[in-house]
There are 2 protein chains.
Amino acid sequence: MGKEITIYDIASQLQLSPATVSRALNNHPAINEKTKVLINAKAEELGYRSNKFASNLRKQKTNTIGVIVPRLNSYIMSTVIAGMEKVANDEGFNLIISQSLESQRKEIANTKTMFNSRVDGLLVSVAFDTDSFEHFQPFLKKKIPLIFFDRIFENSDCPNIVIDNAKGGYEATKHLIEQGFKNIIHITGNLKRNVYSDRLKGYQQALSEFEIPFKSDNVWVTALSLEAGKEVAHRIKALPIKPDALFVSSDLCAVSCIATLKELNITVPNDIAVVGFNNDPVSQVISPKLTTIHYPAKEMGEMAVKSMINHLKGNFNLDATNTITLRSELIVRESSLFLTHS
Amino acid sequence: MGKEITIYDIASQLQLSPATVSRALNNHPAINEKTKVLINAKAEELGYRSNKFASNLRKQKTNTIGVIVPRLNSYIMSTVIAGMEKVANDEGFNLIISQSLESQRKEIANTKTMFNSRVDGLLVSVAFDTDSFEHFQPFLKKKIPLIFFDRIFENSDCPNIVIDNAKGGYEATKHLIEQGFKNIIHITGNLKRNVYSDRLKGYQQALSEFEIPFKSDNVWVTALSLEAGKEVAHRIKALPIKPDALFVSSDLCAVSCIATLKELNITVPNDIAVVGFNNDPVSQVISPKLTTIHYPAKEMGEMAVKSMINHLKGNFNLDATNTITLRSELIVRESSLFLTHS
DNA sequence: CTGAAAGCGCTTACAG
DNA sequence: CTGAAAGCGCTTACAG
């Protein structure tokens, strides 16, 4: 009970050296198969559990991957984390997770903690306002692999895991145009971030393809929050010439906007069509159901951890594949369909 | 760059022993204040970072708290985790998080991993179908503190952190009754779990207080998922005598049900009033807005980690305070208001 | 207030 | 295929 079993206990009971026990437990090829069986049986019998701290200390590795996200409690991020946890657990890696709460200041503090925790690798989705790369430099200097996902730091030379945000923005906008909508407002987040700037590019591309002039007044930068959705609705209500469609870079914000528009007697899609982004469950439980871009959050989390572990194990070099792009897709529901357009 | 600074480097540069450096860095009272200042300055200068693995190995502690939740990507749980992360980070503890995906089998596997990771303490919210305590016994045997939160294991003698679910159920039901609704169906989850059985008790208590007979046919056990919400709506549609209200133990399920009811030409609250549970953001972005019970998820996460750390530090004994109950409250919105009842 | 020394439990280069 | 020995970087009981 009180006493912990070590490889020395196994060794002495089996009349072997601790070195052999250690090798057998780690499935070292030089050890006789029969000896391995013996040792593993004894380990099982005694309830041995390996001491990670001794092992990590000796090996100078931590088997730990750090994760920094803007926030833990958004649909996308909690789903990404769920995917990460699954893979990490299966591979015997630990995750240290922290949230920047959308502030570069907190993100810097988080990177310091991660650095001091000696993570073997770091996975980051950057905050809204991050515009310096400096806090990531210590990792590169120490050759600790750094991978960005979702919200990447552009021109960083670090590997990135993303979806094709431009394509997502393009498809969302094109769909609206094909439904007959021409005056489309794009509600987005801080354009410093690739996810938003790329979707904007897609939006512009679609407009230009259909020869609809782009107006910068039609791009509204918001916090993409629940509150932002309400504000957008009120702003639209006050507009002399109303848009006929909205492309919103977040489902939750889109849905909140739709609810508020309804309160203001503007109905969706009849008065204004709406397309969201993410395929958050919320998009299915409102009426009208929200057309959106499916975001493979779980897959992204899995891919991020898998790539990191492969790199750490030397299975493949991350630098070679600088960007991994996951598939996203348009899901058409009622909120964007042309009905009885007035 | 390559070389890591240790206390030996600091010691030799300062002509001191590693023992003194170690003590100074840990703010040991026996060390001269001036020496401490000197040592800390040198540590800073050299970019020293403590090696947790050596320290943990020596101290036989891990500074790690294990967390097992049913799933990471639900509003409640991701918010609980966000609260946990905040406190753990501030206190220098690490979290190892894993998800049981509502299966006892996976939960058992998770407890094994946690045990082998030698967590200093374990925080658990149990799966839907967990009915054995056996997989937690190894922790008690080794005197590793175990705290349950949200979904607790009843009669376990372990400390619990919960809300007053019976009170929540009571208030939700009482509110509906006071609005004039009498035929109230309760949609809930697996009644093995305290969160659901207690809410049911509250529901029954409110009915009995108003002398409305309880009918077990009015309690529907579901997965409380998005899909479950749809099924409930269809089942109601098929009912010869329809209920006038629904008390649903999850906002997401409630909202999905409302959306489907609407498709079936049953409107909320006019035809059927609805009260949810959790105060998920989704409750605010639909129309009508959902009346619900606010669940202090972030606070629960913070409290769980705080209690665990205090216990580990010996600040107070957990066994003394067997149950910590956090405040929840009814939030009245449109979905439950008596309008033009037909 | 400071130091010498042992030991936490592993892994691995070296030797045979 | 197996072993002896050193060492990873700390902490702490003991001594002074």
Side-chain angles (χ1 to χ4, degrees), chain A residues 2-40 42-43 46-64 92 94 115-118 120 142 312-314, chain B residues 2-40 42-43 46-64 92 94 115-118 120 142 313:
Chain A
K3 190 67 178 57
E4 207 54 73
I5 304 294
T6 71
I7 53 170
Y8 290 91
D9 300 314
I10 298 173
S12 70
Q13 290 206 23
L14 254 29
Q15 311 268 49
L16 286 165
S17 76
T20 303
V21 174
S22 170
R23 290 196 185 96
L25 259 14
N26 290 303
N27 207 16
H28 189 105
I31 302 293
N32 188 310
E33 275 307 322
K34 286 178 189 162
T35 316
K36 277 187 194 170
V37 172
L38 217 60
I39 288 174
N40 280 310
K42 184 56 86 177
L46 299 179
Y48 169 78
R49 42 181 197 163
S50 162
N51 187 320
K52 273 186 193 160
F53 298 91
S55 158
N56 288 342
L57 173 60
R58 181 52 232 261
K59 291 198 291 191
Q60 303 281 64
K61 286 195 180 156
T62 66
N63 249 32
T64 296
N94 289 324
F115 191 70
N116 287 328
S117 300
R118 305 186 183 214
D120 286 342
K142 272 224 184 302
L312 291 172
K313 287 186 174 170
Chain B
K3 191 65 178 60
E4 208 53 73
I5 304 296
T6 71
I7 53 170
Y8 291 91
D9 300 314
I10 298 173
S12 71
Q13 290 206 24
L14 254 27
Q15 310 270 49
L16 286 165
S17 75
T20 303
V21 174
S22 170
R23 290 196 185 97
L25 258 15
N26 290 303
N27 207 16
H28 188 106
I31 302 292
N32 188 310
E33 275 307 323
K34 287 177 188 163
T35 316
K36 278 186 192 170
V37 171
L38 216 61
I39 289 174
N40 280 310
K42 183 57 87 176
L46 298 178
Y48 168 78
R49 41 181 197 162
S50 162
N51 187 319
K52 274 187 193 160
F53 298 92
S55 158
N56 288 342
L57 174 59
R58 182 52 234 259
K59 291 198 290 192
Q60 304 281 64
K61 287 196 180 155
T62 66
N63 249 33
T64 296
N94 287 326
F115 191 69
N116 288 328
S117 300
R118 303 186 186 214
D120 285 341
K142 271 226 185 301
K313 287 186 173 169

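Chain identifiers are assigned alphabetically (A, B, ...) following the order of the sequence lines, protein sequences preceding nucleic acid strands; residue numbering begins at 1 within each chain. Just so it is clear, the structure is predicted and the values come from calculations on it, not from any experiment.
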With a cut-off of less than 4.0 Å, is there a side-chain N or O of B/Tyr48 near OP1 or OP2 of D/dC10? yes
Would you indicate what B/Ser55 reaches in the nucleic acid, counting non-hydrogen atoms under 4.0 angstrom: base, sugar-phosphate, or nothing? sugar-phosphate
Pair partner, D/dA13 [Watson-Crick or wobble, under 3.5 Å]: none
Shortest side-chain distance from B/Leu57, nucleotide among C/dT12, D/dG9, D/dT2: D/dG9
Whole-Å distance, A/Leu16 CG to D/dA4 P, equals 11 Å
Closer to the 5' end of DNA chain C via nearest nucleotide, is it B/Lys59 or A/Asn26? B/Lys59
Please classify the nucleic acid contact of A/Asn56 as base, sugar-phosphate, or nothing, using heavy-atom distances under 4.0 Å. nothing
Can you tell me the base-pairing partner of C/dA4? Count Watson-Crick or G-U wobble geometry only, both distances below 3.5 Å, and say none if there is no partner. none
Across the strands shown, which category fits B/Thr6 at heavy-atom distances under 4.0 angstrom: base, sugar-phosphate, nothing? sugar-phosphate
Between B/Leu14 (CG) and C/dG3 (P), how many Å, whole number? 10 Å
Quick note, B/Ala30 side chain, CB onward, closest among C/dG9, C/dA4, C/dC1 is C/dC1
Run the numbers on A/Thr62 and A/Asn56 for side-chain hydrogen bond (donor to acceptor under 3.5 Å, both in side chains), then give the verdict. CA-CA 5 Å; A/Thr62 66; A/Asn56 288 342; over 6 Å; no
Answer with base, sugar-phosphate or nothing: what part of the nucleic acid does B/Phe53 contact at a heavy-atom distance below 4.0 Å? nothing
Using a cut-off of less than 4.0 Å, is there contact between a side-chain N or O of B/Gln15 and OP1 or OP2 of C/dT2? no
Over how many whole Å does the gap from A/Asn51 atom CG to C/dC8 atom P extend? 11 Å
Could you state the atom-to-atom distance from CG of A/Asn63 to P of C/dG9 in whole Å? 20 Å
Quick check against the 3.5 Å criterion: does A/Asn26 have a side-chain atom that pairs as donor or acceptor with the backbone of A/His28? no
Please give, in whole Å, the distance from C/dG9 P to B/Lys52 NZ? 21 Å
Integer-rounded Å distance: D/dT2 C1' and A/Ile39 CD1: 10 Å
Compare every heavy atom of A/Ile39 with every heavy atom of A/Ala24, then report the nearest pair and how far apart it is. CB-CD1, 3.4 Å
Rounded to whole angstrom, note down the C1' distance from C/dT12 over to C/dG16. 16 Å
